[in-house]
Amino acid sequence: MERPLSRFEGVNCQRPLTSSTSSSPAPATIRRPPSQGNRDIGANMRWSKTFIHTLRQDPADAEVVSHKLMTRAGLISKVAAGIYNSLPLGWRSIDKMSDIIREEMETAGAAELVMPAVQPAEFWEESGRWAQYGPELLRIKDRHDREFCFGPTHEEIITDIVRRSIKSYKQLPVALYQIQTKFRDEIRPRFGLMRGREFLMKDAYSFHADVEDLDTTYRAMERAYCRIFERCGLAYTPVEADTGNIGGSESHEFMVLADTGEDAIMSCPSCGYGANVEKAQTGAIAAAPAWPLAENDAPSEVNTPEMRSIEEVSKFLGVDPAHLIKTMIFESDEEFVAVLIRGDLEINEVKLKNFLDCTHLQLASEAKIEQITGGPQGFSGPVGLEGIRIIADPTVMDLKQAATGANTLDTHLVGVVPGRDFQPADIVDLRTAKAGDPCPNCSEAMIEKRGIEVGHIFKLGTKYSTAMKCNFLDAEGKENPMIMGCYGLGVGRTVAAAIEQNHDDKGIIWPLPLAPYEVVLVMLNSDKPDVVEAAEGLYTQLKDAGFDVLFDDRPERPGVKFNDMDLIGFPVRIVAGARGLAEGNIELSLRSGGEKTLVPITDMVETVRKTLDEIRAQLPQ
RNA sequence: CGGGGCGUAGCUCAGUCUGGUAGAGCGCACGGUUCGGGACCGUGAGGCCGGAGGUUCAAGUCCUCUCGCCCCGACCA
């Protein structure tokens, strides 16, 4: 795709809607009516019959906590780099995640379908991406030597589906989604389910007759995403995101806040502005301090032996780093450009890339720098620089007096006046925002957080519909390309993110909606027939009452069981042991903390119901 | 793709520098004692030391080449 986007083809949303807590009480305990294929009726509710295998030690190849815990708790296991099994316990969580997504997608007006994982090359050639997409696209051949790829995303296929059936504006809009396995041959997969190569993704696509209608669906998706993450009990934030080569349209990412996140987010504590650092704007940056040296009519050379870094040069010259003009030579698809930024600031390569509208961008090699500027790396400057396009950040042009490289070994210029001594071809915002920079809306100091990108929504426009002739007739009988949106959400990644956000040193602390089982019934003293009888009886009651319960019927020692329960993190734990049962009591506790309470076994079903209802009351319904 | 690290029992790891009969803990099986926060004793099963070449009387250990996994970076963008 073009923008190898982050992970999802999609966009992001603006401010989240606030809490969308309506109060239709959830039917709680019953996930699916038994008559409709409730899976919770058989062996998988009894530990001894299902397949749960915990590990005592962290796996050697796991680095982040979600990867460690998911492996130790027996949720996933690794098959190859970036490729994992979802084991029964993990699959239950993923499946619950999927169900929440389905409900919100349906509410947003999208219909579910499933497209193939393996896609013929011809569609990709039609959209132009067969050539554009790099090695991240896993290309395969069948026995007849025909070319296919394992789908990293499905714009081509969905566009083909829609163009076959939709011909009129009267049939629009259309919104479709799937929950399906993707494959992206990432250069470096890492962190378990956080950046896998094969991963489960919900991808939705919408088709519209006009941009207003796209906007309506976009907002509905934005709302659906907010509700999905809220329902999972996740601390998240939607941020403005880079649209990559798509250009022009809106895009938002949904970030689950976590220190281990791969993305940096700039946000304003005052007005709520939030953006991926790749995209983040800033308000006016404070001007450089007064120029401490004499002002010249023309730049004058200063010998700066071996002084290449901003720090060295500014210290040597006795000026502030903000007085330097950092000059960096970049190589894009077709040209070299000299990019100027104030010495105390950093260039945002994504912004530069967008401005240049190129697909490749990298720093020029030392040899190229010397060839273009006439001087070695570390001594480049815009004065007298010819034969290359010069692009400057506005902060550079605000400098009254500046210092810069002289394009000569061991030499810098002082007393350089932007506009007088050089004139850039373009002046454009290229700054990387950093913590403390003023918010572009309200000028309050912004803060930086780390986030895991769990969703990305995009206004695609007509890129695919034009390339693939996905057209419709409008009211005037004129043919137009449909306007598209796409909306991605990482299913497994969201589950992993939930663990990053909810754990302690003993294990996972599942948010109720994602827990593989909401309740675990732990039987201790399984050598005592009366305990077994009581526990089995309670289990039957709980099961019959429709609870999502796992019965730990293993004849293990108590310590082993308690540690496993803490590791896996079932929200509600019920313990049936000889000690309590002597008084007719069962013990109930929450993984999230708080006191253990003793409950008469006869009241247990009702107590569990109440407990779950209380937990649910804290979540958006 | 560059840099670094690691591949030895199901898991976590010693052993490799300095070549000489394959180890520990956990897990697993059996017996016994235990039994409300990962018990203890005893017995036992389980390895082509990632793979292929080479050096050597002798290779887990030394050399070469490969494959895999992890981390950083580049790249993807």
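Every chain is numbered from 1, with letters handed out A, B, ... down the list of sequences.
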Residues that A/Q501 engages under side-chain contact (heavy atoms from CB on, under 4.5 Å), provided they are two or more places apart: A/L234, A/A235, A/V256, A/L257

Pair partner, B/C62 [Watson-Crick or wobble, under 3.5 Å]: B/G54

Pairing partner (Watson-Crick or G-U wobble, both distances under 3.5 angstrom) of B/C69: B/G5

Touch class at under 4.0 angstrom, heavy-atom based, for A/R188 against every strand present: base

Evaluation steps, salt bridge (charged side-chain N to carboxylate O under 4.0 Å, His left out), between A/D344 and A/R342: CA-CA 6 Å; A/D344 60 329; A/R342 219 169 73 181; 2.9 Å; yes

Contact check, side chains of A/L430 and A/V339, non-hydrogen atoms, under 4.5 Å: yes

Contact nearer the 5' end of RNA chain B, comparing A/P59 with A/A62: A/P59

Assigned partner base of B/U21, Watson-Crick or wobble definition, under 3.5 Å: none

For atom CD of A/E349 and atom P of B/G73, their distance in whole Å: 14 Å

Watson-Crick or G-U wobble mate for B/G27, both contacts under 3.5 Å: none

Polar contact flag, side-chain donor to acceptor under 3.5 angstrom, A/T153-A/E155: yes

A/E311, CD atom: more than 12 neighbouring heavy atoms under 6.0 Å: no

Phosphate-side-chain proximity, A/K78 and B/C70, N/O vs OP1/OP2 below 4.0 Å: yes

C1' atoms of B/G27 and B/G46, separation to the nearest Å: 11 Å

Euclidean distance for P, B/U12 against B/C69 (whole angstrom): 15 Å

Sugar-phosphate only, base, or nothing, as touched by A/V350 at under 4.0 Å among non-hydrogen atoms: nothing

Length of the line joining A/L138:CG and B/C76:P, which is rounded to integer Å: 20 Å

Residues, nucleotides or ligands: over 12 heavy atoms within 6.0 Å of A/D259 CG: no

Sugar-phosphate, base or nothing in reach of A/N563, heavy atoms under 4.0 Å: base

Base-pairing mate for B/U33 - Watson-Crick or G-U, with both contacts under 3.5 Å: B/A39

For nucleotides 34-36 of chain B, tabulate all protein N/O to nucleotide N/O atom pairs closer than 3.5 Å, reporting atom names and distance.
from	atom 1	to	atom 2	distance (Å)
B/U34	O2	A/R557	NH1	2.6
B/G36	O2'	A/R579	NH1	3.4
B/G36	O2'	A/R579	NH2	2.4
B/G36	O6	A/G580	N	3.4
B/G36	N1	A/E587	OE1	3.3
B/G36	N2	A/E587	OE1	2.2
B/G36	N2	A/E587	OE2	3.0

Sugar-phosphate only, base, or nothing, as touched by A/D564 at under 4.0 Å among non-hydrogen atoms: base

Span that lies between the P atom of B/C49 and that of B/U8, in whole angstrom: 11 Å

Residue met sooner reading RNA chain B from 5', once A/E63 and A/A60 are mapped to nucleotides: A/A60

Spacing between A/E186 atom CD and B/A77 atom P, to the nearest angstrom: 11 Å

Separation between the C1' atoms of B/A58 and B/C28, rounded to whole Å: 35 Å

Pairwise side-chain contact, A/W91 with A/N85, heavy-atom cut-off 4.5 Å (strictly under): no

P spacing across the pair B/C40 / B/C26, given as an integer number of angstrom: 7 Å

Pairwise P distance, B/U16 and B/C6 [rounded to whole Å]: 13 Å

Distance, C1' atom - from B/G51 to B/C67, rounded to whole angstrom: 7 Å

Main-chain N/O of A/P152 paired with A/R184 side-chain donor or acceptor, under 3.5 Å: yes

P spacing across the pair B/U61 / B/C17, given as an integer number of angstrom: 9 Å

Nucleotide paired to B/A14 in any strand shown, Watson-Crick or G-U, under 3.5 Å: none

Counterpart base for B/A77, defined by Watson-Crick or G-U wobble contacts under 3.5 Å: none

Salt bridge flag under 4.0 Å for residues A/D203 and A/K182: yes

